[in-house]
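Report on one structure; see the data block that follows.
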There are 2 protein chains.
Amino acid sequence: MGGAITRDQIIEQADRLFYERGFEHASFTDIAAAVGISRGNFYYHFKTKDEILDAVIDRRRVKVQAMLDGWEAEGRTPVERVRRFVHILIANQTAILRHGCPIGTLSTELIKLNHTAQDRAAGLFTLFRDWLARQFHAMGWGADADALAMWVLAHSQGVATLANAFRDDAFLQREVADLCAWLERLSVTSPSTTPATVGAAADVRREFEVFRQPVTRA
Amino acid sequence: MGGAITRDQIIEQADRLFYERGFEHASFTDIAAAVGISRGNFYYHFKTKDEILDAVIDRRRVKVQAMLDGWEAEGRTPVERVRRFVHILIANQTAILRHGCPIGTLSTELIKLNHTAQDRAAGLFTLFRDWLARQFHAMGWGADADALAMWVLAHSQGVATLANAFRDDAFLQREVADLCAWLERLSVTSPSTTPATVGAAADVRREFEVFRQPVTRA
DNA sequence: GTCTATACCGGGATAGAC
DNA sequence: GTCTATCCCGGTATAGAC
């Protein structure tokens, strides 16, 4: 009963501290202090630190999936949904400027540690990747949907990293605005909005070629 | 004499190990073993681990600057020079797939550790940023040069992070090809190649608007 | 300048009382 | 379920012989 509550609190605080200080740097002492329990009590709930990491990644999976489902339900069009994705950079601006992208920084760290959970961390990226690809697919980009998803994901990731490194909120906002402007243009000429005029996959691709170019300022 | 050589070797191996395993995770034991000296001998050359980090960042500054100077000398046009920048993703492909971007991952880690050297690490990004901005400036993008520089830097950074997380060399290559294609288009319509037709800054900006859109596939 | 030996601390992890 | 006490290890850092 109370045990489950404590366990949840441990996961919640560990999640936060892993994000703020990094997995390796966040100690049991830190987490115990944050939860308000003794270090020893800890091991009743988790046998090792890696077990806590697993639980944290699970928690993040659930939260990410819930967020994506929410966007799916809210956004009327695929474009609106992708825009919601891009806007997490704004919604979480303060945290990103301070600590970077929660997924990117965790993934990067676990790779350095050669940790067994590195693939599970990368799996968090996959949730976004597949969701984005589905949106672009719905927009009619077919075979290019995944490439577009990776492009948006990579750019957002890079923006988060540099905004974090430079603590530059203006840069972050500008990039979000430009990504949205690009999305707008993409949607206007998307085959899904002009289904009658575009038939063959080759035509879609040719049209795509014209419109895929970087955005830098609004 | 031999001391200076040892010192250089320590910095060299520390640089490599900080990149491969991360600053915190790379221990004195690791570095000492790599250099082939005892842990104790270490402290004759550096009083603390932070001092080694400082030396490593200095070393990276020098190497980055030399690389940028080299590109400046080699590349005949600004576009060719920027292309050289983008191509480091290919040149260092193996290392990037395994360990990510040396600058991005170090910067990210030091921020998590709230390390005093975090700004010095971000300064490595600044070297690239300013150099890229100068290239775009030479291409005629004037006030937008820095924004373009940041855009390219951020995108490259994101590509490195995701290529690392997914160990996806095909993605990395595709993104480089697309970045180069975008550069090509940018250069064709750059005000520097058509100086007579473009006068006011507003015209440059308007023209710029048309051509800044994302690239996703080749 | 390089070594061995060692101090010291904080990390993760365990044992056992309550 | 939670605590205190403790273990063990590996980390950084120091002392002092050579």
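Fair warning: this is a prediction, and the values are worked out from it, not measured in the lab. To find a chain, count down the sequence lines: A is the first, B the second, and so on, and within it residues start at 1.
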query: Among all residues two or more places apart in sequence or in another chain, which pass the ring-ring contact (aromatic ring centres under 6.0 Å, His included) test with A/H99?
result: A/Y19

Side chains of residues 28-37 of chain B: which donor-acceptor pairs under 3.5 Å do they make with residues two or more places apart or in other chains?
residue	atom	partner	partner atom	Å
B/D30	OD1	B/R21	NH1	3.2
B/D30	OD2	B/R21	NH1	3.1
B/D30	OD2	B/S27	N	3.1
B/D30	OD2	B/S27	OG	3.2

query: In whole angstrom, what separates A/I31's CD1 from C/dG10's C1'?
result: 15 Å

- request: Could you check how far CZ of B/R7 sits from C1' of C/dT2, rounded to whole Å?
  value: 17 Å

query: Separation of A/F46 atom CZ from C/dT14 atom P, in whole Å?
result: 15 Å

query: Between A/E184 and A/R83, is the closest basic N to carboxylate O distance under 4.0 Å?
result: yes

statement: Quick tally for nucleotides 4-18 of chain D: nucleotides whose base has a protein heavy atom under 4.0 Å get B, sugar-phosphate-only ones S, the rest -, giving B-B----SBBB----

- request: Output yes when a side-chain donor or acceptor of A/K49 lies under 3.5 Å from a complementary backbone atom of A/F23, and no otherwise.
  value: yes

query: Is the NZ or CZ atom of B/R129 positioned over A/F166's six-membered ring, under 6.0 angstrom from the centre and within 45° of the axis?
result: yes

- prompt: Can you check the A/F42 CZ to D/dT2 P distance for me, whole Å?
  reply: 12 Å

message: Between A/R84 and A/E74, is there a side-chain heavy-atom distance shorter than 4.5 Å?
response: yes

- request: Measure from OH on B/Y44 to P on C/dG1 and round the result to the nearest Å.
  value: 4 Å

